[in-house]
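Presented below is the structure to which this report refers.
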2 protein chains.
Amino acid sequence: MSSSFHASTVDWLGSWIAAGQVKPGQTIKVEADLGEQLGVSRTVIREAIKTLVAKGMLEVGPKVGTRVLPVRRWNLFDPQVVGWLSRNGLPENFVDDLLDLRRTIEPMAVRWACERATPEQIEAVQLAFNALERAVDSGIDYNRADQAFHECILAASHNQFIEQMVPALGALLAVSFEVSAADPDELRRTLPIHKDMADAIAARDSTRGVWACMTLIDNADLAIKRFYPKVMASKKAS
Amino acid sequence: MSSSFHASTVDWLGSWIAAGQVKPGQTIKVEADLGEQLGVSRTVIREAIKTLVAKGMLEVGPKVGTRVLPVRRWNLFDPQVVGWLSRNGLPENFVDDLLDLRRTIEPMAVRWACERATPEQIEAVQLAFNALERAVDSGIDYNRADQAFHECILAASHNQFIEQMVPALGALLAVSFEVSAADPDELRRTLPIHKDMADAIAARDSTRGVWACMTLIDNADLAIKRFYPKVMASKKAS
DNA sequence: CTACGCTAATCATCATACGATTAACAGTCA
DNA sequence: TGACTGTTAATCGTATGATGATTAGCGTAG
């Protein structure tokens with residue numbers, strides 16, 4: 001229900017900017033006008049702007065107004081920022097960079113998970129896999145279950161920086177689900193590979209774990225590279 | 001000069017929290033009291049708090065007050081957050097995680113830099129190396145020059161997520177400078193390896209580049225693992 | 001053409017008031 | 001007793017209006 005005026009204003013402004021309604025370098029409306037437009041006081045607007053400044057999306061100054069910063073300056077690991085970006089379909093170069101990042105990070109995370117996972121975390125990975133297995137038919141739940149599965153593996157790596165990447169990598173998984181949703185058998189086909197990864201962690205077999213991880217990434221890469229431009233194009237049309 | 005009340009309040013609060021003056025889970029003073037203590041209005045305090053909430057360090061709620069979140073929730077790639085943390089000496093597990101991250105990220109970044117660097121970026125790397133060479137004797141400039149050198153390599157990798165890691169990896173370089181400053185010959189000794197890395201990028205020789213990078217990391221790792229506990233201990237004493 | 005100072009636009013800060021939410025407590029009823 | 005429910009007070013949330021501070025942009029003088 002009722003999130004605060006502050007929260008909704010931040011959200012509105014954030015996705016408005018992420019959607020590219022104002023280009024980097026341009027300034028948004030003055031505080032008073034914005035407040036009037038959204039039906040909230042200048043106080044709320046100012047606090048919302050402070051929030052977005054803290055996330056690197058805006059920059060303010062007297063006389064100059066409130067300016068949108070280039071995407072390079074945004075905190076791309078911030079969950080909200082990632083959320084706003086993916087809401088409108090990730091920009092293509094964003095997806096490419098994420099693919100590279102995932103290729104670098106995730107196999108290493110699996111290796112560390114094999115070495116360092118606690119018994120509870122191994123159990124959690126197994127449970128997450130079971131959920132994934134159940135979700136494979138029910139369509140919409142699959143994406144959530146897939147993200148949860150990968151998230152608990154990243155958590156098992158015991159590296160706080162890896163954990164910070166969860167939202168960003170999650171956005172990539174969402175894309176990868178979106179593009180392979182056209183072909184539901186794909187999900188069933190990758191299920192054994194997921195299981196392999198989970199079992200490898202339980203067995204602390206990092207070689208097998210890394211192999212499974214890289215196989216999954218290869219699959220996703222291929223699917224995304226083949227279909228993503230099409231998805232983007234169809235989104236533009238709607 | 002005079003930065004704004006907002007900026008100084010954010011900075012004061014941020015480093016106060018990062019220094020562990022209030023533990024995660026505890027609440028800070030109520031807005032009105034904090035304002036009185038710092039000699040600013042409640043408006044300024046509230047906007048500062050909003051900034052820290054946006055960075056994941058705080059959580060607020062009516063009646064419950066303003067609570068410090070566990071470090072795991074902080075935006076560890078945020079330049080300010082990293083700054084506040086390193087101001088008080090990075091926690092040991094933080095350094096360990098950064099070492100792992102660097103081992104994973106930087107060699108790959110060098111590889112990409114070899115493949116993708118523009119002529120301007122290759123030039124920039126060379127210039128940064130020259131600056132490093134000049135700074136090796138002048139002590140205090142060395143750290144800055146070293147960070148600039150590594151930063152422009154990371155930038156040459158053409159991956160926006162890698163670029164977001166610059167502040168965090170920079171903090172590690174600062175630590176690594178701190179511990180090897182006891183032994184100034186070390187700096188001169190690693191200079192040729194830096195040069196090797198720069199030249200490899202110019203020659204687009206990723207094998208040699210990655211090798212140089214890993215050698216540098218090995219050196220830094222060793223120095224940090226040997227000396228960091230001592231540095232921490234001596235800081236505590238002061 | 002340059003340098004300097006003016007002006008107006010915009011944000012920064014403050015003080016105050018009242019509304020909204022909710023944790024904690026107290027009281028009620030089975 | 002123990003669980004439920006209503007009350008209350010602490011704290012944040014929002015609004016308003018006034019005044020101060022900063023500076024981009026322009027106009028003017030040298």
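First the proteins, then the strands, lettered A, B, ... as listed; each starts at 1.
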For atom [atom1] of [X] and atom [atom2] of [N], their distance in whole Å:
X: E36(B); N: dA15(C); atom1: CD; atom2: P; value: 11 Å
X: I28(B); N: dC12(D); atom1: CD1; atom2: C1'; value: 12 Å
X: E47(B); N: dC14(C); atom1: CD; atom2: P; value: 10 Å
X: I45(B); N: dT11(D); atom1: CD1; atom2: C1'; value: 15 Å
X: H6(A); N: dG19(C); atom1: NE2; atom2: C1'; value: 18 Å
X: E59(A); N: dT23(D); atom1: CD; atom2: P; value: 12 Å
X: L34(B); N: dC14(C); atom1: CG; atom2: P; value: 14 Å
X: L38(A); N: dG13(D); atom1: CG; atom2: P; value: 19 Å

- Query: Which residues pass the side-chain contact (heavy atoms from CB on, under 4.5 Å) test with A202(A), sequence neighbours left out?
  - Reply: I122(A), Q126(A)
Name every donor-acceptor pair, under 3.5 Å, that has one atom in a side chain of residues 153-174 of chain B and the other anywhere in the protein, sequence neighbours excluded.
from    : atom 1 : to      : atom 2 : distance (Å)
S157(B) : OG     : L154(B) : O      : 2.6
H158(B) : NE2    : R116(B) : O      : 3.2
H158(B) : NE2    : Q121(B) : OE1    : 2.8
N159(B) : OD1    : F161(B) : N      : 2.8
N159(B) : OD1    : I162(B) : N      : 3.2
N159(B) : ND2    : D97(A)  : O      : 3.1
Q160(B) : NE2    : D97(A)  : OD2    : 3.1
Q164(B) : OE1    : L76(A)  : N      : 2.9
Q164(B) : NE2    : R72(A)  : O      : 3.3
Q164(B) : NE2    : W74(A)  : O      : 2.5

- Item | Point-to-point distance, once rounded to the nearest 0.5 Å, from CD of Q80(A) to CG of L52(A) | 8.0 Å
- Message: Which residues in residues 9-17 of chain B have a heavy atom closer than 4.0 Å to any atom of DNA chain D?
- Response: none
- Query: Looking only at heavy atoms, which two atoms of S176(B) and I224(B) are closest? And how far apart?
  - Reply: CB-CD1, 3.7 Å
- Message: Salt bridge check, R204(B) against E115(B): does any charged N sit closer than 4.0 Å to a carboxylate O?
- Response: no
- Residues R42(B) and D33(B) bridged, charged N to O under 4.0 Å: no
- Is there side-chain contact between V68(B) and L58(B), with heavy atoms separated by less than 4.5 Å? yes
- Y142(B) side chain near V136(B) side chain, heavy-atom distance below 4.5 Å: yes
- Does D78(A) offer a backbone N or O that forms a donor-acceptor pair with the side chain of N75(A) under 3.5 Å? no
- Item | Presence of R46(B) side-chain N/O under 4.0 Å of dC12(D) phosphate oxygens OP1/OP2 | no
- Message: Is the phosphate of dC12(D) approached by T66(B) (side-chain N or O, under 4.0 Å from OP1 or OP2)?
- Response: yes
- Is R73(A) atom CZ crowded by more than 12 heavy atoms from other residues, nucleotides or ligands, each under 6.0 Å away? no
Output one line per pair: protein atom, nucleotide atom from nucleotides 15-19 of chain D, and distance, for all N/O pairs under 3.5 Å.
from    : atom 1 : to     : atom 2 : distance (Å)
dA15(D) : OP2    : S41(A) : N      : 2.7
dA15(D) : OP2    : S41(A) : OG     : 2.7
dA15(D) : N7     : T43(A) : OG1    : 3.3

- Mind checking E31(A) for me? I need base, sugar-phosphate or nothing, with any heavy atom below 4.0 Å counting as a touch. sugar-phosphate
- Describe the nucleic acid contact of K50(A) in one word from base, sugar-phosphate, nothing, applying a heavy-atom distance below 4.0 Å. sugar-phosphate
- Are the ring centres of H194(B) and F129(B) closer than 6.0 Å? no
N/O-N/O pairs, protein side and nucleotides 3-9 of chain C side, under 3.5 Å:
from   : atom 1 : to     : atom 2 : distance (Å)
dA9(C) : O4'    : K63(A) : NZ     : 3.4

Distance-only criterion, 3.5 Å: show the donor-acceptor pairs between side-chain atoms of residues 18-30 of chain A and protein atoms not counting sequence neighbours.
from   : atom 1 : to     : atom 2 : distance (Å)
K23(A) : NZ     : G20(A) : O      : 3.4
Q26(A) : OE1    : K23(A) : N      : 2.9
K29(A) : NZ     : Q37(A) : OE1    : 2.4

